[in-house]
Amino acid sequence: MFDTLTERLDGVFKKLRSRGKLHPKQVDNAVGDMRTALLEADVAVDVADGFLERVRARALSEEVMRSLTPAQQVIKVVNEELTTTLGGANRPFTLPPTKPAVVMLAGVQGSGKTTACAKLAANLKSKGRRPLLVAADLERPAAVEQLRTLGREIGVPVASEGKDPIKVARNGVKEAERSGADVVIVDTAGRLHVDTEMMRQARKIRDVIRPHHVLMACDAMTGQDAVVQARAFMREVDTTGFILTKLDGDARGGAALSITAVTGKPVFFAGVGEKLEDLEPFHPDRMASRILGMGDVLTLIEKAQDTVDADKARESAEQLLKGRFTLEDFLGQLREMRKLGPIQDLLKMLPGVPGGKNVLKEAAGAIDEAEMRRAEAVILSMTPEERREPAIISGSRRLRIANGSGVTTADVNGLLKDFEGARKMMRQMMGGKRMPGMLKMPPGPKS
Ligand code: GDP
Ligand code: MG
């Protein structure tokens, strides 16, 4: 995510940090370098200039220039102004109590509308709502089937009754009333470029179903183009906000950084993968931290809370307190961790691990899925007794386990060492000592 931009900005900050005192000239140079980086990321010129103007004014203030750590202060200012540019505070996506609440998705073809519809439905369903998806994109032959397939995957019904999109949309809302669905999500057609025919259709659908939200899917891999499209949509259909899609990919930053500043409408969600659970609420401050390579520990913790089974975690902790943290508990932990997704993705959210080349990222590549699976296989090849009492695993047992799980004895030794390490670390944590560095908070924007 934003790898190139992050690296460029990091370079600017390194230069600043290399000096003790700051000169106004250096601030100007830094602002100039940041401008180049932003324009290369295809941020709208007005947005970049507005942002840099605010940064410059604050960076040149007495308070910053006279401080003992002026470079740090400038970075803090950049972080805060970036947060403002991205929309300021998080705007939670809320629906009126009306039954059904109506949400319409719009956007150009390939921006991720249909996927976003399904992700949003899955998200709302997990919060106890009863969504109905409506496939009103009749332009592309396969679009209806695509939504039906996604709907099946998440157990949400999909309606598509009628021969023209406007009727399909209207019938969809009626179907929701009939079936007791409390939120309807309507997928609409998109073309490669915003064209008037598509706009007209979108507006007609809007006039008929009177949505509470018109969300526009906006591809984060694009730059200012997306912003021009967003503007055009705004005029036609009164967009209430955006879903920024494909943030997991090679996002340039241009669209993400410009969209709210240009339209005045918030980004409610970020799409961070092709899977249907890959939707996150959008937090401007956390996004700013990520762009600046400061990581996003808060999202990581939330993700862990959502995914990891709290009961299992407590069980492991209790076992440990009784001095009985076994390889079985370790296996449980590995499995919980795997649910969080590839380790590489998690490490990217930690401070000091921007997407660029660095040691940690390479290390992360080494602990991959395959290794996790290997560890699982090794533990499963042990007898229950061995899992409870690893001390009894002698040389001959190691060989048997290695053969049983298709690895070498060195792999078995490595795993047993990892286990000992985990046990020691957990003991320290339970002993009330400092948490390991991983859970320390990064310097927040306000600190
Ligand atoms: P639509 O034409 O606007 O309806 O776009 P689709 O929903 O069909 O998505 C177009 C392509 O983008 C599909 O291959 C999706 O799997 C992919 N896609 C959508 N959202 C995301 C995302 O957040 N991350 C990634 N990596 N791919 C996405
Ligand atoms: Mg579609």
Side-chain angles (χ1 to χ4, degrees), residues 93 95-125 129-218 229 232-243 245 269 271 276 279:
F93 180 73
L95 291 169
T98 332
K99 283 194 171 113
V102 180
V103 181
M104 172 175 163
L105 259 285
V108 294
Q109 188 176 320
S111 59
K113 277 184 309 297
T114 305
T115 312
C117 284
K119 285 178 175 177
L120 184 60
N123 177 287
L124 293 171
K125 189 181 171 197
R129 309 279 309 214
R130 295 190 52 203
L132 172 73
L133 284 160
V134 179
D137 174 2
L138 307 184
E139 299 291 329
R140 264 197 333 155
V144 175
E145 201 37 52
Q146 183 192 0
L147 195 61
R148 283 197 201 284
T149 308
L150 296 176
R152 264 196 299 277
E153 216 176 290
I154 54 175
V156 170
V158 178
S160 192
E161 281 302 312
K163 287 234 156 46
D164 81 88
I166 295 141
K167 285 204 184 103
V168 170
R170 186 191 301 143
N171 287 340
V173 176
K174 281 194 193 140
E175 170 63 23
E177 285 162 3
R178 232 188 342 260
S179 66
D182 57 13
V183 51
V184 201
I185 302 166
V186 183
D187 186 21
T188 63
R191 300 261 170 85
L192 276 180
H193 293 285
V194 173
D195 66 65
T196 45
E197 180 51 38
M198 180 184 86
M199 292 279 198
R200 208 169 296 139
Q201 188 186 87
R203 189 168 53 199
K204 274 193 202 145
I205 293 179
R206 185 207 58 172
D207 290 346
V208 168
I209 63 175
R210 306 184 148 272
H212 302 97
H213 272 289
V214 181
L215 299 180
M216 184 174 170
C218 175
Q229 290 157 1
F233 261 100
M234 288 272 301
R235 275 196 300 271
E236 288 302 315
V237 292
D238 296 326
T239 316
T240 54
F242 299 95
I243 298 184
T245 64
F269 295 101
L276 295 182
L279 187 76

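- Between Val103 and Pro211, the closest side-chain pair of non-hydrogen atoms is not below 4.5 Å.
- A donor-acceptor pair under 3.5 Å is absent between the side-chain atoms of Lys167 and the main chain of Glu161, judged by distance alone.
- Here Asn123 contributes atom CG and Phe269 contributes atom CZ; the two are 5.0 Å apart, rounded to the nearest 0.5 Å.
- Of all the heavy atoms in Ala176 and Pro100, the pair that sits closest is CB-CG, 3.9 Å.
- When all heavy atoms of Thr240 and His212 are compared, the pair lying nearest together is CG2-O, 4.0 Å.
- With rounding to the nearest 0.5 angstrom, the CG atom of Leu276 is 4.5 Å from the CD atom of Glu153.
- Here Lys119 contributes atom NZ and Ile154 contributes atom CD1; the two are 11.5 Å apart, rounded to the nearest 0.5 Å.
- Nearest heavy atoms, Pro131 versus Pro157: O-CD, 3.8 Å.
- The heavy-atom pair separating Cys117 from Leu147 by the smallest distance is CB-CD1, 4.2 Å.
- Few gaps surround CD on Glu145; more than 12 heavy atoms of other groups in view lie less than 6.0 Å from it.
- Residues Val168 and Leu138 have side chains in contact (heavy-atom distance under 4.5 Å, counting atoms from C-beta outward).
- Counting only heavy atoms from C-beta outward, the side chains of Gln109 and Glu139 never approach each other to under 4.5 Å.
- Side-chain atoms of Lys113 never come within 3.5 Å of backbone atoms of Leu105 as a donor-acceptor pair (strictly under, hydrogens ignored).
- Looking only at side-chain heavy atoms (C-beta outward), Leu279 and Ile243 come within less than 4.5 Å of each other.
- Nearest heavy atoms, Gly151 versus Leu133: CA-CD1, 4.2 Å.
- Judged purely by atom type and a 3.5 angstrom limit, Thr245 uses its side chain to pair as donor or acceptor with the backbone of Ser111.
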Could you go step by step and tell me if Met216 and Gln229 meet the side-chain contact (heavy atoms from CB on, under 4.5 Å) rule? CA-CA 10 Å; Met216 184 174 170; Gln229 290 157 1; 4.1 Å; yes

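- Just one of Asp137, Leu132, Val134 meets the side chain to side chain contact (heavy atoms under 4.5 Å, CB included) condition when paired with Val186; it is Val134.
- Residues Asp238 and Val214 fail the side-chain proximity criterion, which asks for heavy atoms closer than 4.5 Å.
- The side-chain heavy atoms of Thr188 and Pro165, taken from C-beta on, include no pair separated by under 4.5 Å.
- Each of Arg206, Arg203, Gln201 was compared with Glu236 under the side chain to side chain donor-acceptor pair (under 3.5 Å) criterion, and only Arg203 meets it.
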Could you go through the salt bridge (charged side-chain N to carboxylate O under 4.0 Å, His left out) check for Arg178 and Glu175 one step at a time? CA-CA 5 Å; Arg178 232 188 342 260; Glu175 170 63 23; 2.8 Å; yes

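- Phe93 has its side chain within reach of Leu120: a pair of non-hydrogen atoms, C-beta onward, lies under 4.5 Å apart.
- When all heavy atoms are compared, the tightest approach of Gly107 to Phe233 is N-CZ, 3.6 Å.
- Judged by distance alone, the side chain of Lys125 and the main-chain N or O of Val156 form no donor-acceptor pair under 3.5 Å.
- A salt bridge between Arg129 and Asp182 is present, with a side-chain N of the basic residue lying under 4.0 Å from a carboxylate O of the acidic one.
- In this structure, the side chains of Leu124 and Ile185 come closer than 4.5 Å at one or more pairs of heavy atoms.
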